[in-house]
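All figures in this text were calculated on a predicted structure; none of them were measured in a lab. All values below were derived from every heavy atom in this structure, side-chain atoms included, with hydrogens, water molecules and symmetry-related copies excluded.
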Amino acid sequence: MAEIVLSAFLTVVFEKLASEALKKIVRSKGIESELKKLKKTLDQIQDLLNDASQKEVTNEAVKRWLNDLQHLAYDIDDLLDDLATEAVQRELTEEGGASTSMVRKLIPSCCTSFSQSNRMHAKLDDIATRLQELVEAKNNLGLSVITYEKPKIERYEASLVDESGIFGREDDKKKLLEKLLGDIDESGSQNFSIVPIVGMGGVGKTTLARLLYDEKKVKDHFELRAWICVSDEFSVPNISRVIYQSVTGENKEFADLNLLQEALKKELQNKLFLIVLDDVWSESYGDWEKLVGPFLVGSPGSRIIMTTRKEQLLKQLGFSHEDPLHSIDSLQRLSQEDALSLFSQHALGVPNFDSHPTLRPYGERFVKTCGGLPLALRILGRLLRTKTDEEEWKSLLDSEIWSLGNEDKIVPVLRLSYNDLSATLKLLFAYCSLFPKDYEFDKEELVLLWMAEGFLQHSAARNSMQQWGQKCFEELLSRSFFQHAPHNKSLFVMHDLLNDMATYVAGDFFSRLDIEIKQEFGKEPLKKQRHMSFVCEDYVVYKRFKPLKGAKSLRTFLALSVGVVGSWITFYLSNKVLNDLLLELPLLRVLSLSNLSISEVPEVIGSMKHLRYLNLSHTGITHLPETVCNLYNLQTLILSSCYKLIKLPESFSKLKDLQHFDMMGCFMLKTMPLGIGELKSLHTLSSDIGLKLTELKNLQNLHGKVCIDGLGNVENSVDAREANFSRKRFCELVLDWGDEFNVLRTKSLEKEILNELMPYNGTLEKLRISLYRGVEFPNWVGDPSYHRLTIVSIERCEESTSLPMLGQLPSLKELFIGGMSKVKVVGMEFLGTDLAFPSLEILEFDSMSWWEEWSTKSGAFPCLQELCIEDCPNLVRVSLEALPSLRVLKLRKCGHGVLKSLVDIALSITKLEIDDISGLTDVVWRGMIGCLGAVEKINIMKCNEIRYLWESEAEASKLLMNLKMLKLRKCENLVSLGEKDKEDNCGSSLTSFSWLGVWNCNSFEHCSCPDSMETLDIWDCDSITSVSFPTGGGQKLKSLVIWDCKKLLEKELGGKEKTRFLIKSKMQMLEFVFIANWPNLKSISELSCFIHLNRLYISECPGMESFPDHELPNLTSLTELTIKKCTSMDASFPRGLWPPKLCRLEIGELKKPISEWGPQNFPTSLSHLTLYGGPYDDVKNFAQLSHLLPSSLTSLGIDRFEKLDSVSTGLQHLTSLQHLFICNCPKTVDLPEKLLLAPHLPYPLLGHRRVIKFHVKIGLNPKRRRACAFQHQKPHEAWSRNY
């Protein structure tokens, strides 16, 4: 691999030697002749590299020679970078006219003292000696000069692999589709079943799973779908988090796994779901049980596709090769015929050799060597895509690489494809070894890293390294070294085998200290290590980096946060890493501390003069120190989502080489840094804060996403013209006039300014125009030449009387129009002459207070799927043609006429949301529900004129035959669902109706539920007195929530069938019951019949006297139990009777004080316990509670113990404890040091991920605040100083 690095670095060396600024430094130091000799020797070395690169495959001595040469190449580059940096510093100092003393201050001492000059000569002498020794060793190694022509980078006609060109999998697909869409397995005990795809790496498991996942029948069949790459580490929290994000679209943070899985369970409840677990390596049945808990609440018929190379876990789950119902059918390699077709498709562009018959014999031999592996066939085919000469194919077949064994576990064809890359591409591919398997690459991010490492130096692209890097990435993509991520086409993944190969070819220069590679380093520190990455864990401790002690040559320190892109998850970092380790890394080019819990930027960073890439995103820093502006080589600075950042350096303009600056999500910052307009090298600027037009003028290279604000103060159109918008390649553009403006400006000037801001039409994808004060828009807004424009937002342009013609934009998918208060009519001027809005999928109007009429023409909006109209109170005339694709309709603060007009023409709506619709009475509503036959979900909010939704359930079943979910919020006059419903005769008509939620409907008196009901939520309904099911009904009910319904008359739950109790003994499907603030509830009479109950929550029921705790041992599914604030509870409770699988218990504030409880005999499964004290509890120290605390606890919460003052004893036996919560204990002032560092606690085991988190909310007395300060720090601050 060394020839790769050296070949790439030679370009860097020669570029730097040609620099005039460097030549000045060289001459001043008297080392010009030494550098000339160095260049001459490097030329000799370069001539040997082609021969060495081929011989290193079989000759270990040549490999060692190249390894030494690579280390020397790094040292040469470090030396030249020292000189180049000094040249830049001197140049900047001369420009500023600084004094001699200032020069000494700015230029490091290593470049100003005579002794350091001597060291420079010594370094050159050492390098020259080592280089000459390597040249002389060539004779013993038999190295000679040979000619080897490397392939040039080209753009192929089809730069991406066509995933639809799949051969030989028709039968496999058909068989698996039957399993996915077939009848429910009634014999199974779970609502979901597993569809395994088993096979060796590269055989096409993931590709087949993608085929199934994207199949239209599958999409239509399942309500929810999620795709998760699992890989080597089977992390239940990470997998659960990705599933939750997939089904909700939310990047929400959860305090622990339990809360996450509870939220996931709620989303999956009664839903038919498909989850793909791709590339499962784990064999742990215990991990599997933890993962699938939330899946159990899904609708019967749900499926999990599992792709895996290993069968052990499947066998534990009941699969075997003999069982026809649960068989393990390994995915076989392709037949010779199918393999030949696949290979030909990628090599020749057609699935046969008809056009090149002479190549067929060679193709058959290639296919045979690939062993029927689709991945190898595809990569080899792409390798040969530009080679149609028979001799080229023959030469590759005769390559020595085919005779190698598989001891390195890399398919030979992959090595062959790698060898065909240019030196630069090899280096860029090897760099990817720093990223773990299944990592989702962002192309832009990866290119910036390549650039920072100096890998993109290219004479033809000196001023456009990023564009060159993107071309290199596209080349690797075209050769199948990357593939598009399965559920996000903007990201990319690398196949496991290619990741293995990258790790193999990277050798000893790249290391990954992540949790997947359990590498044992030797006693010798990695002193020559050059590039290092690590995957963040919850607690990143110094011990983990001990192998790097003394690695002063390290160039890359890269923190990777796998699977948390866009989330607020933080990883705690030991201060010793920042304060000690970084001091030893003076040669860093790349430093990423993203997602780590740091509050200050280490001062040492300001002295890292070689640094090109600094990523501090998602950290808690409050300011960027002035010393950062001494990083004259800095190219990329990423501060995105630094939500506490309030200040940037005043000398920001010193960062002359800064090309990429990201400060998105820094909400505390209000202005751009001073001098931003002087950074002429700036290419991309991502920010929520707008640039001024005057700042933009000098940024000639700026492209990508740009926000311009303050346009209301631009004095004339000439200023806008000088910004040269038409020459800038923006992909996202925000034009904001701002709240301040020149009142003397005319409306015509506004239009002239906007006209001069016309962007280049070949790259623009997103456009937002805000607070524009012109009466009309210039013609470029909406011009069809903007063929890539997909998202447009026009907002708060309050002087405009008409909308721009946006209907002819060919690719527009999302359109938002808001705050256009003077627009009265939306019609033909909005549509254009041809087919209007041919691609639009989402359309939203908001705050159009004068809007009265909306009309369209035939054929408009053919693809519109979602329409939202909010706060348009005067819209009365809606004359639209049919909207055949509309599925979601949302209306808020509109008249009922708008609702009626839209539902009349959109008969395919499946989701309806209405809020504060004026004039929507019972009569009006019932007159339009006949058009809602396709609707599955209805959400009604603040419609206060509705008293009953339908006359009777029987009537509703004829009109709302597909209704599944109904949500009612704040409908003040709603009395009940049906006007004529009787408790005894309702329940059998609405067969699809399974989910009902009623919130804050203060007149709601009675709720009659149909037989089909599975989820019932009633919250804060002051007037409700009864909730009922038909006699014998409610057998499908799984989830029940009753909260703050104070007038409910029932006093007992769990009665026999002859009663009308809300919860009856035959409701055996119940899984979740949540009851709170129900004063009339006196008792729960029976529990043992609820065999599926897994969560039971009872709180704030002051009248409840009896609870059948003797039946708790029969509840074998119950894992979570909460009973608190029930002050009348029988004093015999609790008495040590608990569910056998109980994991989480919250209990307290009962009639019997906790201090009087005897031993509770908790099951060993209990891991989370929270105890709530009360006014009668006299617990003063933990020792009084010790007998209640089982050793199995990993989390302990203590809340509202007013007399508790000592926590130093009583916890010694809790050797598994990881989280300790102490809340509302005003006398608990401090946590003693002996508790924090006790040997029985996990602190000594920080490196093994066993760390206690202290969350302490204690005394609110101002006199105690100082004493509490330590405990109010974030959890990591209690240990980071020492670990």
Quick one: [atom1] on [X] to [atom2] on [Y], what's the gap to the nearest 0.5 Å?
X: Ser1195; Y: Leu1169; atom1: OG; atom2: CG; answer: 8.5 Å
X: Leu1185; Y: Ile1154; atom1: CG; atom2: CD1; answer: 7.0 Å
X: Asp1022; Y: Asp1044; atom1: CG; atom2: CG; answer: 7.0 Å
X: Leu1142; Y: Leu1121; atom1: CG; atom2: CG; answer: 6.0 Å
X: Gln269; Y: Lys266; atom1: CD; atom2: NZ; answer: 9.5 Å
X: Asp1020; Y: Cys1045; atom1: CG; atom2: SG; answer: 7.5 Å

Is it true that a side-chain atom of [X] and a backbone atom of [Y] form a donor plus acceptor pair closer than 3.5 Å?
X: Ser1128; Y: Glu1105; value: no
X: Thr1228; Y: Leu1204; value: yes
X: Asn1181; Y: Ala1183; value: yes
X: Ser1012; Y: Ser994; value: no
X: Glu253; Y: Asn251; value: no
X: His1213; Y: Leu1189; value: yes
X: Thr248; Y: Glu250; value: yes
X: Ser1003; Y: Glu972; value: yes
X: Gln1184; Y: Lys1180; value: yes
X: Glu1111; Y: Ser1088; value: yes

Quick test of your reading of the model: are [X] and [Y] salt-bridged, counting only N-O distances below 4.0 Å?
X: Lys1203; Y: Asp1205; result: no
X: Arg1135; Y: Asp1109; result: yes
X: Glu1202; Y: Lys1227; result: no

Compare every heavy atom of [Y] with every heavy atom of [X], then report the nearest pair and how far apart it is.
X: Leu260; Y: Pro237; value: CD2-O, 3.5 Å
X: Leu1166; Y: Pro1190; value: CD2-CG, 4.0 Å
X: Ser1191; Y: Leu1214; value: CA-CD2, 4.0 Å
X: Lys1141; Y: Ser1165; value: C-OG, 3.2 Å
X: Lys1152; Y: Ala1131; value: CD-O, 3.0 Å
X: Gly1210; Y: Ser1186; value: O-OG, 3.7 Å

Carefully, step by step, assess Arg1144 and Asn258 under the rule side chain to side chain contact (heavy atoms under 4.5 Å, CB included). CA-CA 9 Å; Arg1144 179 183 291 266; Asn258 179 71; 2.8 Å; yes

Decide yes or no for [X] and [Y]: does some side-chain heavy atom of the first lie under 4.5 Å from some side-chain heavy atom of the second?
X: Met1104; Y: Ile1098; answer: yes
X: Glu1146; Y: His1168; answer: no
X: Cys536; Y: Leu596; answer: yes
X: Leu1145; Y: Thr1170; answer: no
X: Met1013; Y: Lys1036; answer: no
X: Leu1040; Y: Phe1074; answer: no
X: Thr1116; Y: Ile1091; answer: no
X: Trp999; Y: Asp1017; answer: yes

Distance flag, aromatic centroids of Tyr1172 and Phe1201, threshold under 6.0 Å: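 No, they do not, as the ring centres are separated by 6.0 Å or more.
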
Side chains of [X] and [Y]: donor-acceptor distance under 3.5 Å anywhere?
X: His1006; Y: Ser1008; value: yes
X: Ser1117; Y: His1092; value: no
X: Thr619; Y: Asn595; value: no

Under the side chain to side chain contact (heavy atoms under 4.5 Å, CB included) rule, what do Ile1018 and Ile1024 come out as? Steps first, then yes or no, please. CA-CA 9 Å; Ile1018 303 179; Ile1024 192 166; 4.0 Å; yes

Between Lys271 and Trp995, is NZ or CZ placed under 6.0 angstrom from the six-membered ring centre and within 45° of the ring axis?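 No, a cation-pi geometry is absent between Lys271 and Trp995.
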
Does Arg1095 qualify as a cation-pi partner of Phe1072, given the criterion of NZ or CZ under 6.0 Å from the six-membered ring centre and within 45 degrees of its axis?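 Relative to the ring axis of Phe1072, which defines the angle, Arg1095 lies inside both limits.
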
Fit a plane to each ring of Phe295 and Phe192, take the angle between them on a 0 to 90° scale, and name the class: parallel (under 30°), tilted (30 to 60°) or perpendicular (over 60°).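 Aromatic pair Phe295/Phe192 classed perpendicular.
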
Return the orientation label for the Phe1133 and Phe1107 ring planes: parallel under 30°, perpendicular over 60°, tilted otherwise.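 Perpendicular.
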
Worked verdict on Leu296 versus Asn191 for side chain to side chain contact (heavy atoms under 4.5 Å, CB included): CA-CA 6 Å; Leu296 301 174; Asn191 289 348; 6.0 Å; no

Pair Trp1157-Leu1188, side chain to side chain contact (heavy atoms under 4.5 Å, CB included): steps then yes or no: CA-CA 8 Å; Trp1157 294 3; Leu1188 299 177; 4.2 Å; yes

In this structure, are over 12 heavy atoms from other groups packed under 6.0 Å from Lys290 atom NZ?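 No, NZ of Lys290 has 12 or fewer neighbouring heavy atoms, counting only those of other groups under 6.0 Å.
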
Who pairs with Ser299 by side chain to side chain donor-acceptor pair (under 3.5 Å), at least two apart in sequence or on another chain?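 Listed in chain order: nothing, the list is empty.
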
